[in-house]
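These notes concern the structure reproduced below.
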Amino acid sequence: MQPCLIQIGRLAPQLEAALASEFEIYPLWKENDAPAFIAAHAGRINGIVTSARAGADRALIEALPSLKLIANFGVGYDTVDVAAARERGVVVSNTPDVLNDCVADTAFALILDVTRSISAADRFVRRGEWKRGASFPLAVRVTGKNLGIVGLGRIGQAIARRSAGFGMPVRYHTRRPMAGMPWAHEPSLLELARWADILVVACAGGQGTRHLVSKEVLDALGPKGYIVNISRGTVIDEAAMVEALAARRIAGAGIDVFENEPHVPDALLELDNVVLLPHIGSGTHETRAAMGELVLANIRSFYSDGRLLTPVQY
Ligand code: NAP
């Protein structure tokens with residue numbers, strides 16, 4: 001089969017250049033009338049390259065009768081309709097493992113920032129308050145705090161390993177306990193939230209985890225508890241989180257992902273006990289290059305011998 005792909009949204013410039021030099025690929029985002037383009041070329045297109053932001057929905061998958069492959073830039077594939085892909089026998093690849101360290105580093109950056117008020121202290125200096133003689137309020141010690149992790153997959157484990165350097169006891173919540181882990185499994189998310197000083201969300205996104213972190217979970221975390229989310233915005237009930245933060249029913253939040261990106265609720269912009277990032281968990285030169293290489297390697301492997309290096313198991 002000769003590769004003939006469409007690229008749904010923008011990707012890193014190096015990856016776009018490599019894709020264009022190796023394959024027949026059409027950047028759909030450049031088309032003024034994407035549906036007309038699809039209708040005109042549908043029979044030939046046998047691959048999609050996409051990302052978490054652009055995804056691939058059922059309507060697109062069903063509009064492409066020759067489609068065989070969806071290559072996703074990113075480990076999370078919640079915006080790819082895998083049910084529609086499975087029905088059609090379309091395989092899906094993602095980019096696991098190569099981003100674990102950077103996403104776990106981001107989780108720790110948020111943990112340290114929100115508990116020690118690093119960004120808030122930076123704003124305090126820039127506003128000239130230090131110069132005018134004001135004192136910055138005391139923050140909260142990180143070392144030794146209880147770290148609860150929701151989701152102990154590849155990224156959750158990398159976060160848990162980092163906790164050793166901060167003397168933090170770790171417990172985790174997943175649907176099934178993981179064999180061979182040194183950390184305690186907590187079958188109840190509410191109990192994990194009650195125990196945790198800091199609750200880090202690192203599970204998969206999608207319908208199965210939508211609003212898993214509910215108002216009740218946030219209340220169990222309590223007024224001294226911090227929430228950190230590097231997973232997907234949909235996992236937390238964002239409206240409930242905003243309310244809990246504004247009312248100080250939780251102490252603070254470090255958030256890399258939002259329910260309706262790039263929209264960030266206005267109320268969060270007003271709060272000094274919240275650290276807001278624009279979905280940059282894996283956003284380093286090194287990791288984005290490694291993710292791009294893995295996208296290319298999957299496409300090459302699929303079109304040369306029909307196998308994916310990192311298939312999504314659905
Ligand atoms: P993974 O290895 O597949 O791990 C997913 C974890 O989620 C597993 O431990 C799984 O455990 C748990 N999980 C799934 N459904 C659950 C539920 N209903 N309740 C509790 N736990 C549940 O995935 P990963 O590679 O670590 O990546 C995790 C997620 O991070 C991705 O899906 C992606 O959305 C996000 N991510 C974000 C960024 C960023 O830039 N912020 C970058 C990369 C990835 P069980 O199946 O046993 O429940």
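Both counts, for ligands and for their atoms, begin at 1 and track the order of listing. Keep in mind that what you see is a predicted model, and the values were worked out from it rather than measured. Worth knowing before you read on, the calculation uses all heavy atoms, side chains too, and leaves out hydrogens, waters and symmetry mates. Note that the numbering runs from 1 along the sequence shown for the chain.
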*Under 3.5 Å, is there a donor-acceptor pair linking the side chains of T79 and R53?*
no

*Given V235, L192, I230, T95, which has its nearest heavy atom closest to atom 36 (N) of ligand 1?*
I230

*Side-chain donor-acceptor contact under 3.5 Å, T106 with D256*: no

*For ligand 1, which atoms, with element, lie under 4.0 Å from some heavy atom of A202?*
28 (C)

_Just to confirm my output: which protein heavy-atom neighbour is closest to atom 4 (O) of ligand 1, and how far is it?_
G153 CA, 3.2 Å

*asked:* Quick check with a 6.0 Å cut-off and a 45 degree axis cone: is R10 positioned over the face of W29's six-membered ring?
replied: yes

*To the nearest 0.1 Å, how far is atom 2 (O) of ligand 1 from its closest protein heavy atom, and which atom is that?*
R154 N, 3.0 Å

*Taking the side chain as C-beta and beyond, is there a heavy-atom pair between N46 and L67 under 4.5 Å?*
no

_Nearest neighbour in protein (non-hydrogen) for atom 32 (O) of ligand 1_ = A204 CA, 3.4 Å

*Has ligand 1 got any nitrogen or oxygen that is less than 3.5 angstrom from a nitrogen or oxygen of I280?*
no

*Protein contact of atom 44 (C) of ligand 1 - nearest heavy atom, named by residue and atom, plus distance*: V75 CG1, 3.2 Å

_Among all protein heavy atoms in this structure, tell me which lies nearest to atom 27 (O) of ligand 1, with the distance rounded to 0.1 Å._
I155 CD1, 3.4 Å

*asked:* For G208, state whether at least one heavy atom is located under 4.0 Å from any atom of ligand 1.
replied: yes

*Using a strict cut-off of 4.0 Å, indicate which atoms of ligand 1 neighbour a heavy atom of S282.*
40 (O)

_Against V92, only a single residue in T50, L308, I70 fulfils side chain to side chain contact (heavy atoms under 4.5 Å, CB included); can you say which?_
I70

*ligand 1-proximal atoms of T174, by part, heavy-atom distance under 4.0 Å*: both

*Using the ring pair (Phe, Tyr, Trp, His ring centres under 6.0 Å) rule, collect all pairs that involve residues 137-181, keeping only residues at least two apart or in two chains.*
F108-F166, Y172-H185

*Do any nitrogen or oxygen atoms of L152 come within less than 3.5 Å of a nitrogen or oxygen of ligand 1?*
yes

*asked:* Show the nearest heavy-atom pair for residues C102 and T284, with the distance to one decimal.
replied: SG-OG1, 3.2 Å

*Should the heavy atoms of other residues, nucleotides or ligands under 6.0 Å from CZ of R141 be counted, would the total exceed 12?*
no

*asked:* Suppose I only count heavy atoms of T209 and a 4.0 Å limit; which atoms of ligand 1 are within that range?
replied: 15 (N), 16 (C), 17 (C), 18 (N)

*For ligand 1, which atoms sit closer than 4.0 Å to a heavy atom of G151?*
7 (O), 9 (O), 12 (C)

*Please report which non-hydrogen protein atom sits nearest to atom 19 (N) of ligand 1, along with the residue it belongs to and the distance in Å to one decimal place.*
L212 CD2, 3.7 Å

*asked:* For a quick test of reading the model, state the closest non-hydrogen atom pair linking V275 to S119 and the distance between them.
replied: CG1-OG, 4.2 Å

_Does ligand 1 come near enough to D78 that some N or O of the ligand is less than 3.5 Å from an N or O of the residue?_
no

*What's the shortest distance from atom 22 (C) of ligand 1 to any protein heavy atom, and which residue and atom give it?*
C203 CB, 3.9 Å

*asked:* Parallel, tilted or perpendicular, judged at 30° and 60°: which one describes the rings of Y26 and H41?
replied: parallel

*Looking only at protein heavy atoms, identify the closest one to atom 35 (C) of ligand 1 and say how far it is in Å.*
S231 O, 3.6 Å

*Specify side chain, backbone, both or neither for H279, according to which of its non-hydrogen atoms lie closer than 4.0 Å to ligand 1.*
side chain

*Should D305 and R300 count as an ion pair when the cut-off is N to O under 4.0 Å?*
no

*Can you check whether G76 has an N/O within less than 3.5 Å of an N/O in ligand 1?*
no

*Purely on distance, is any nitrogen or oxygen of R176 under 3.5 Å from one on ligand 1?*
yes

*asked:* Donor-acceptor pair, distance only, cut-off 3.5 Å: does the side chain of T115 make one with the backbone of V142?
replied: no

*Below 4.0 angstrom from a heavy atom of V103, which ligand 1 atoms are there? Numbered from 1 as shown, please.*
42 (C), 43 (C)

*Check for a donor-acceptor pair, side chain of N273 on one end and backbone N or O of A251 on the other, with a separation under 3.5 Å.*
yes

